[in-house]
Each structure stands twice: as C-alpha cells, then as structure tokens.
Amino acid sequence: MKILPGNRRIGILLSGRGSNFKAIADHIDSKELDAEIGVVVSNNESAPGLEDARRRGFNSVYLNPKDVSREDFDSRAVEILRESGVGIVCLAGFMQILTPVLINAFPLRILNIHPSLLPSFPGLNAQEQALEHGVKLSGCTVHFVNESLDGGPIICQASVPVYGEDSPEALSDRILVEEHRLYSIAIGLVLSGCCEIEGRRIRIHD
Ligand code: GRF
C-alpha cells in the first residue's frame, strides 16, 4: 500500500529538552526539509523544548496530563492537532505512551525517534541497555507509532559504533548527532509519497 504524501504541516509532541524538535525546525528553516510546524504540544509545562518553541514564535500548547485519563489527554491532543491543520505528527522525546485515541486519529502519520537500533532495546534508557548488553553497534530508529511500545514499522535507521570506554552520556551524544540528521530525512521520505508499506516493511521508491 502506498503511503500518500498528505499535507506538510507537522505537529510536534515533546516533554523535555526538545533537541530533535529544534533540529527539525532548523532543517525547515534551511529549506532542507519542505514542511512547516503547525503546533508544538507538551505535557510538561517546564519543558525547555516548549520554551524554545514559544521563543521561536510557534503555536505552542501545554496540555496538563494531571487528573485526566490518558484517553482524555489524547482526545484533547487530537483536537489541537486537527485545529492546527496538522497532517503528520512527530514525537520528539514525548514521554507518554499514546492511546488508540491518538494513534487511530492519524494512521501511518505518527512518527517517533528512538535511540537504539530497534527492535533491540525498546523503552527507557536504551543507551544504557545497549552498553550493558555489550553491543558494538547502536544507533537510532525512526518508526511509525502503533500500539506496541517502540514497535511500529521502521522507516529508517542510522548506526554508530559503541566503544569499550563509552559512558551512557558519550554514547547518547554520538547517537543524538545521528538523530538530528535522521528525523528530518524520515519526515521528508514520508512526505515525498515514495514510501510503500507491506506488512511491517516500508519500501522506498525513487
Ligand atoms: C531522544 O534521545 C529521542 O530518541 C528519545 O528521547 C530523546 C529526546 O531528546 N525518544 P530531545 O528532547 O529531542 O532532545
């Protein structure tokens, strides 16, 4: 099945530092990525990424996750994303598991970046997991979001070496350089209309 290009307006969901969001915004500014940011939503009022989005003048929304069910949070998020005319949603360090309410509102339109070569080391602390396991290569993965944690179809991956003396911070920093490059490439691929999905496999055509 062909993945249609859809509209190029991105909704970003983040919870923290927001360096992936900034990299996407920078790639848009430098015209390396033909897209626009429609809204930045955070479930953390003091997320540096949200502050940065405000400073850059983006439509930025704090959604309070307290005292609401995850489903209610997600249906409010869907409303905001729709009101903002978003065609694609990018999770950029969003530390909350999505419910079907949000996942099903944007089928094959929600992307996530994870700091490991999935399916190895899903979940939290992927870099520590990789070091403890003793792998010699790690990296990052951009994938579509489905209901399994970090388990959706893989769009693209980038690898980095793991060195014997690596700390979790050193490995995270090396992976992050690739994350910042890879996420915009993946968004561009999805928006290009060149992607096809068959089972779990994403095929990219010229
Ligand atoms: C990144 O390592 C990303 O892969 C993971 O969460 C981290 C977010 O970092 N999902 P940032 O907030 O984008 O700087």
Side-chain angles (χ1 to χ4, degrees), residues 10-29 32-33 35 37 39-56 58 60-63 65 70 77 88-98 102-103 106 109-133 135 137-162 166-187 189-190:
I10 303 173
I12 303 271
L13 267 58
L14 58 78
S15 302
R17 180 177 56 181
S19 70
N20 277 288
F21 147 64
K22 287 180 220 166
I24 293 166
D26 289 345
H27 283 124
I28 293 173
D29 282 350
E32 286 160 276
L33 175 61
I37 292 180
V39 66
V40 177
V41 178
S42 179
N43 62 345
N44 173 6
E45 200 171 12
S46 51
L50 184 62
E51 181 50 38
D52 192 68
R54 288 198 181 113
R55 243 194 334 263
R56 289 177 182 240
F58 290 121
S60 311
V61 181
Y62 164 59
L63 252 188
R70 282 192 10 241
I88 184 165
V89 179
C90 295
L91 309 186
F94 185 62
M95 303 302 286
Q96 189 170 305
I97 294 173
L98 305 195
L102 181 43
I103 295 170
F106 292 94
R109 273 296 181 255
I110 307 180
L111 277 58
N112 181 42
I113 187 153
H114 183 77
S116 76
L117 294 175
L118 290 170
S120 294
F121 317 127
L124 293 175
N125 305 319
Q127 301 92 334
E128 283 92 328
Q129 292 186 54
L131 286 176
E132 273 163 28
H133 199 89
V135 294
L137 271 182
S138 189
C140 52
T141 304
V142 181
H143 63 91
F144 285 115
V145 173
N146 65 12
E147 286 176 40
S148 69
L149 180 67
D150 299 323
I154 291 170
I155 302 163
C156 50
Q157 296 184 300
S159 63
V160 303
V162 181
D166 269 346
S167 62
E169 294 71 31
L171 179 58
S172 301
D173 288 349
R174 195 175 307 124
I175 293 173
L176 200 60
V177 172
E178 292 303 308
E179 291 188 38
H180 293 166
R181 197 178 59 80
L182 192 72
Y183 213 165
S184 294
I185 292 173
I187 296 166
L189 284 172
V190 172

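Every number for a ligand or one of its atoms is a count from 1 in the order of the listing. In this chain, residues are counted from 1 in sequence order. Nothing here was measured: the structure is a model prediction, and the numbers come from that model.
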Applying salt bridge (charged side-chain N to carboxylate O under 4.0 Å, His left out) to Arg56 and Asp52, what does each step give before you reach the verdict? CA-CA 6 Å; Arg56 289 177 182 240; Asp52 192 68; 3.0 Å; yes
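Atom CD of Glu179 sits about 11.5 Å away from atom CZ of Arg181, to the nearest 0.5 Å. Separation of atoms OG1 (Thr141) and OH (Tyr183) is listed at 12.0 Å; rounding is to 0.5 Å.
In this structure the side chain of Asp166 reaches within 4.5 angstrom of the side chain of Arg174, judged on heavy atoms. The shortest distance between side-chain heavy atoms of Ile12 and Val39 does not fall below 4.5 Å.
Near ligand 1, Arg17, Gly18, Ser19, Asn20, Gly93, Ile113, His114, Pro115, Glu179 each place a heavy atom less than 4.0 angstrom from the ligand.
Tested against Ser184, the residues Asn20, Asp26, Leu33, Leu189 include a single side chain to side chain contact (heavy atoms under 4.5 Å, CB included) partner, Leu33.
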